[in-house]
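The sequence lines fix the lettering, A, B, ..., with proteins before strands; numbering per chain opens at 1. Hydrogens, waters and symmetry mates are skipped; everything else that's a heavy atom, side chains included, is used.
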Amino acid sequence: MADEREARLEKLGELRAQGIDPYPIESARTHTAAEALAGYDALQGVRITLVGRLMQLREMGKAAFAHIEDGSGRIQIYLKRDAIGEEAFRRIRLLDLGDIIQVTGTLFTTRTGEKTVQVEEYAMLAKSLRPLPAKGAGGDLKLFDPEVRYRRRYLDLIANRDEVLPIFLTRARTLAAMREFLNARGFIEVETPILQPLYGGATARPFVTHHNTLDRDLYMRIAPELYLKRLIAGGIERVYEIGRIFRNEGIDRSHNPEFTMMECYQAYADYRDIMRLVEELYAHVTERVHGTTHITYQGVALDMAPPWQRVTLREAIAEHTGIDYEAYPEREQLAETMRARGYQVDPKLGRGRLIDDLKDAIIKGPEARVKGPVFLYDYPLDLSPLAKRKPGTRETVERFQPYAGGLELGNAFSELNDPLDQRARFEDQARQRAHGDDEAQVLDEDYIEALEVGLPPTGGFGGGVDRLVMLLADQDSIRETIAFPTLREK
RNA sequence: GGGACCGUAGCUCAGUGGCAGAGCAGGCGCCUUUUAAGCGCUGGGUCGAGGGUUCGAAUCCCUCCGGUCCCA
């Protein structure tokens, strides 16, 4: 047959001609495949009805073996002419791999020892019109083309279920464990605007959209931060939000334009309190997902149990690169020192961004020395316009980032609550923007007004959920953790 | 943004200037405990798209589209 879809359409037509609805409403499952296998002894002689996708079919003249797979797993079925009747047996030729069927019968064990349903009746539940990825060596379906896997994730889940499904289960458990932990500590889950008149809370370019009735542009949020802190100002002392955020930037193994962020804020806390919160949160989530805090990420053993190592950014960079950036207070001095040690220096980047590059050099890539889990803390002020200055310093803020396995997991600080300082920081950002940095943050008058009403001393954290799932599922690409990652339009 | 590599049947892949191939999947036939079932026969291609070089292009060149990896 030239076209398999045509062949399947013909079979569909034959079913209809025989008065059989190929897409009936009713199904009547009594057990899942896993329940049938697990309850084999108790189910002896009991008529059970299972459903599932037809994954294999081996016809043998007057009998046929097949495997069906439901959400719980796979089970073999045996279709014997003498058991199902002449007419039903002839109808087997109208079955195709991929069809979703229902079988009723009793359990038995074959000569080769496989628990199997001896079918008495079967019915079509949904006719499949397109072929599945084919069996390869070992009898398993094969689908390797990443483009097909991401664009048509359903095929990926059908063909690569054992590898792919656990990742999404890890994702679900991660989210549930986060909420469990935060709820238990009195954090209130809230939802704040995704469509924002101004974007803020992070250093990134936004997606712009348009509201027709208001006839104005709105921005997809790049972070929920400024709204969550408004709620803290309103007296909700512990808040968190888990939701999608959008950053108009490149796509690579650790970046997707839309991704999931968890941000939490706690009044009357500072960044040291938040460090303890974060390490306990991550240990709890790891424990819930894996049953232990000991994990392996890309071959590196990590223990997520508190306390995590704490190293100042300055010390970490000095130890692993030999460059003490505090010794080079001017941008050009630092740039010269970096060039002398073989680092590429982007002439457009300011001093803070150069320090950021040094940080990446010790964390990411094959040369990375810092495996973690670790908190790097005390960051340059000009990179952190929403963080509070460290007492006794001029250019350092109370900020930290957790890292594990080379992954940047989040960002936290003692929140800047001085409205006058905040205004000055925004104005500095505006100057950086005027110098061509289109990721610099924009001044948000309404947010400053909230600070003027009064934001208590507050510690906050924002963490990437997708990256945490990468860590916990031992995946090296964020695309494996997102059901439908962003791809170019084909 | 730069570089390298990849795109051939439903899937996984060979083929690198001379008739478009294999395994599995599909179709037909045989087979009543098989399980990568087996045996026999068999259909299936815009070689990502467009342009160029050549007597001749899946193969060489250019542009574009999509993907992967590395770098920024």
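Of the nucleotides present, none pairs with B/G43 by Watson-Crick or G-U wobble criteria with both distances under 3.5 Å. The partner of B/G7 is B/C65, judged by Watson-Crick or G-U wobble contacts that both fall below 3.5 Å.
Regarding A/R149, its CZ atom lies at a distance of 20 Å from the P atom of B/G66, rounded to whole Å. The CD-P distance, from A/E4 to B/C28, rounds to 12 Å in whole Å. In this structure, A/E6 places its CD atom 22 Å from P of B/A25, rounding to the nearest Å.
OP1 and OP2 of B/A25 both lie 4.0 Å or more from every side-chain N or O belonging to A/Q56. Here A/R488 reaches the OP1 or OP2 of B/G67: one of its side-chain N or O atoms lies under 4.0 Å away.
Within 6.0 Å of CZ on A/R130 lie no more than 12 heavy atoms contributed by other residues, nucleotides or ligands.
Taking every side-chain heavy atom of A/D252 into account, B/A72 is the closest of B/C13, B/G10, B/A72. Closest contact between the side chain of A/P131 and the listed nucleotides B/G67, B/U32, B/G10 involves B/G10. For A/R81, counting side-chain heavy atoms from C-beta on, the closest listed nucleotide (B/C11, B/G67, B/U32) is B/U32.
Annotation for A/Q76 and A/T116: closest pair NE2-OG1, 2.9 Å, computed over non-hydrogen atoms.
Taking the six-membered ring for Trp and thresholds of 30 and 60 degrees, A/Y271 and A/Y377 have ring planes more than 60 degrees apart, a perpendicular arrangement.
Comparing A/D96 and A/G61 by the nucleotide of RNA chain B that holds the closest heavy atom to each, the one mapping nearer the 5' end is A/D96. Nearest-nucleotide mapping onto RNA chain B: of A/Y78 and A/R479, the residue sitting toward the 5' end is A/Y78.
Listed by chain and residue number, nothing satisfies the side chain to side chain donor-acceptor pair (under 3.5 Å) test with A/D357 (two or more places apart in sequence, or in another chain).
Among residue pairs with one or both ends in residues 14-49 of chain A, none qualify as ring-ring contact (aromatic ring centres under 6.0 Å, His included); sequence neighbours excluded.
Donor-acceptor pairing under 3.5 Å, judged by distance alone, is present between the side chain of A/R58 and the base of B/U34. Under 3.5 Å, the side chain of A/Q76 and the base of B/U34 form at least one donor-acceptor pair of N or O atoms.
Residue-level contact check: A/L487 touches the backbone only, with heavy atoms under 4.0 Å from sugar-phosphate atoms and none from bases.
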